[in-house]
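Contents: one structure, followed by commentary.
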Amino acid sequence: MIDLRLIREDPDTVRASQRARGESAEAVDTLRAADESRRSVVLRFEQLRSEQKSLGKRIPKATGPEREQLMARTKELAAEVKRAESAVAEAETTLQQAQLAIPNVVQPDVPPGGEDDYVVLREVGEKPELEKVRDHLELGEGLRAIDMERGAKVSGARFYFLTGIGAQLQLALLTMAADQAIDHGFTLMTTPSVVRPEIMAGTGFLGSHAPEVYKLEADDLYLVGTSEVALAGYHSDEIIDLSKGPVRYAGWSSCYRREAGSYGKDTRGIIIRVHQFDKLEMFSYARPEEAAAEHDRLVAWEEEMLSKVELPYRVIDTAAGDLGSSAARKYDCEAWLPSQNRWLELTSTSNCTTFQARRLNIRYRDENGKPQTAATLNGTLATTRWIVAILENHQQPDGSVRVPKALQSYLGGREVLTPVAG
RNA sequence: GGAGGGCUCGCAUAGUGGCCUAGUGCGGCGGUCUUGAAAACCGCUAUGUCGGGUGACCGGCAUCGUGGGUUCGAAUCCCACGCCCUCCGCCA
């Protein structure tokens, strides 16, 4: 939810942001008008209410004709106050709708444009030179690590089993990520997979993302698509202490996504779109002035993980039109995918500035002890999808897969995963 | 699924129509006293929003789980809902 002060004091910045995203700049004026009309009806209500209260207080002491007169006047006022009050309620609804229609203000240096207008910030590592490229599914099936067929049999398309070494590999990866996060001062959390509507709405996923979200209709609850939702909700309606720097959580959870409208896309294996996967997510609460620096730290920690698993990757600065509604800036790390000769998103880190926290009412106290809205940030440290890149980049001609050094101790010292015969 | 209890300014509690401008205790902050500390005593101690000066200030209004209703007037009475807890039942 956008800051109304910004709309009042610097609407041009918001208009520019809307244009960069490819969205309506007029929405800014709609919001300004709603803000002003709300203020005027609030003023009227408060004046009437004030008169009603002060006259009402005189009634118990008044007698005779004075009392009659007061009663008559306050009775009138009661009706007027009621009308004014409903005008306020109406104006507030209008205001809120206009406010929710505007996504977060993008940071000034975010590239404008859509999905393909990202800027590559850096490319790290060497793409492997492979004579014969097997894709991750062929490799995974050879290792008896991935079972798509039975996933579909049991749960439908886009579900899978990780079996044996596949399950072990995921556990190793997530555990390594958790250890790294803990080393950097994060508090490890396992989080609820199911959340209340106000939490899901507060994190911004019920806007344009709504069709992506699983809803448990009978219970009016939602399945989370990332532990970001639960970790953002964790401190909702609280005033937290940020005086000693950002508060950091690492959430370990399964993630659920409907992937509506993506039928027929990326259907092979566990590449891009599956309904369920596991993730280790970083989440930071920070003072707004330190959010950009924290964002840089999050991306650095993602790169640390990528280098530990020895993957060639690049970092892109996502264009304005491809940002989620809560994000003011987003960096993605994409690993090389040999089987498709392209880059595959493995991590995504967003600076949501105060947008998400305003809606969830998450605040901190500034130097003067005054409550201020906090900034929130999130970033991926490892997911099931990383297995795809690891298998493909570290494959060997015989179908075996080299285990990156840092990961070996998490796999009982194994240096290579070898195909199972038969 | 059934039954019961609860929801008040950080925590704990008081408050059954106007004396509530929501009291008290704890905790926290500041001060007095003290060589220092403790104790004691004194003071302060929510959030949002609107308006005015637009500097750390002044005033109004709202908020006692949420939304309605009754009333000149609601923390208090009525209705609906939400959430938390306990017990019983059922259960991977």
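Only a predicted model underlies this, so the values are computations on that prediction, with no experimental measurement involved. Proteins come first, then strands; the chains are lettered A, B, ... in the order of their sequence lines, and each starts at number 1.
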Side-chain donor-acceptor pairs under 3.5 Å in residues 26-34 of chain A, sequence neighbours left out?
unit_1, atom_1, unit_2, atom_2, d
A:D29, OD1, A:R15, NH2, 2.8
A:T30, OG1, A:E26, O, 3.2
A:R32, NE, A:I7, O, 3.4

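- As rounded to the nearest Å, B:U34 and B:U49 have P atoms that lie 46 Å from one another.
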Listing time: all N or O pairs from protein to nucleotides 64-70 of chain B that are below 3.5 Å?
unit_1, atom_1, unit_2, atom_2, d
B:U70, OP2, A:K82, NZ, 3.2

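- Applying the Watson-Crick and G-U wobble criteria (two distances, each under 3.5 Å), B:G73 pairs with nothing in any strand.
- Distance CG (A:D237) to C1' (B:C7): 15 Å, rounded to an integer number of Å.
- When both pairing distances are held under 3.5 Å, B:U86 makes a Watson-Crick or G-U pair with B:A3.
- Nucleotide B:G51 has B:C58 as its partner under the Watson-Crick or G-U criteria, with both atom distances under 3.5 Å.
- Considering only side-chain N and O atoms, A:R363 lies nowhere under 4.0 angstrom from the phosphate OP1 or OP2 of B:U47.
- Neither OP1 nor OP2 of B:C72 sits under 4.0 Å from any side-chain N or O of A:Q52.
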Atom pairs under 3.5 Å, N or O on each side, protein against nucleotides 77-81 of chain B: can you list them with distances?
none

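- In this model, the phosphate group of B:G10 is not approached by any side-chain N or O of A:R365 to a distance below 4.0 Å at OP1 or OP2.
- Nucleotides B:G65 and B:U76 are separated by 8 Å at their P atoms, to the nearest Å.
- Aromatic ring centres of A:F283 and A:H235: separated by at least 6.0 Å.
- Applying the Watson-Crick and G-U wobble criteria (two distances, each under 3.5 Å), B:G17 pairs with nothing in any strand.
- At the phosphate of B:C50, OP1 or OP2 sits under 4.0 Å from a side-chain N or O atom of A:R38.
- One atom, CD1 of A:I362, and another, C1' of B:G48, lie 17 Å apart when rounded to the nearest Å.
- No contact: A:R58 has no heavy atom under 4.0 Å from any strand.
- For the pair A:E92 CD and B:U49 P, the computed distance is 11 Å after rounding to whole Å.
- Contacts of residues 68-75 of chain A with RNA chain B (heavy atom under 4.0 Å): A:M71, A:T74, A:K75.
- Base pairing of B:C29: its partner is B:G43, meeting the Watson-Crick or G-U wobble criterion (both donor-acceptor distances under 3.5 Å).
- Nucleotides B:G30 and B:A38, compared at atom P, are 11 Å apart to the nearest Å.
- The residue A:R8 sits close only to the backbone: its heavy atoms come under 4.0 Å of sugar-phosphate atoms, none of a base.
- Not one side-chain nitrogen or oxygen of A:R39 sits closer than 4.0 Å to the OP1 or OP2 atom of B:C61.
- Using a 4.0 Å cutoff on non-hydrogen atoms, the parts of residues 42-50 of chain A near RNA chain B are A:L43, A:F45, A:E46, A:R49, A:S50, ordered by number.
- Using a cut-off of 4.0 Å between Lys/Arg side-chain N and Asp/Glu carboxylate O, A:E80 and A:R83 are scored as not salt-bridged.
- Atom NZ of A:K53 is separated from atom C1' of B:G17 by 16 Å (rounded to the nearest Å).
- Using Watson-Crick or G-U wobble geometry with both donor-acceptor distances under 3.5 Å, B:U24 finds its partner in B:A12.
- Atom-to-atom, CD of A:E76 to C1' of B:G73 comes out at 16 Å; the value is rounded to the nearest Å.
- In this structure, B:A80 and B:U66 make a Watson-Crick or G-U wobble pair, each of the two defining distances being under 3.5 angstrom.
- One interatomic measurement links the two molecules: CD of A:E51 to C1' of B:C72, which rounds to 13 Å at whole-angstrom precision.
- Atom C1' of nucleotide B:U45 and atom NZ of A:K370 are separated by 17 Å, given to the nearest angstrom.
- Straight-line distance between the C1' atoms of B:G18 and B:G73: roughly 7 Å, to the nearest whole Å.
- Scored by the side chain to side chain contact (heavy atoms under 4.5 Å, CB included) test, A:D278 finds A:Q170, A:L174, A:S254, A:T384 as partners (sequence neighbours excluded).
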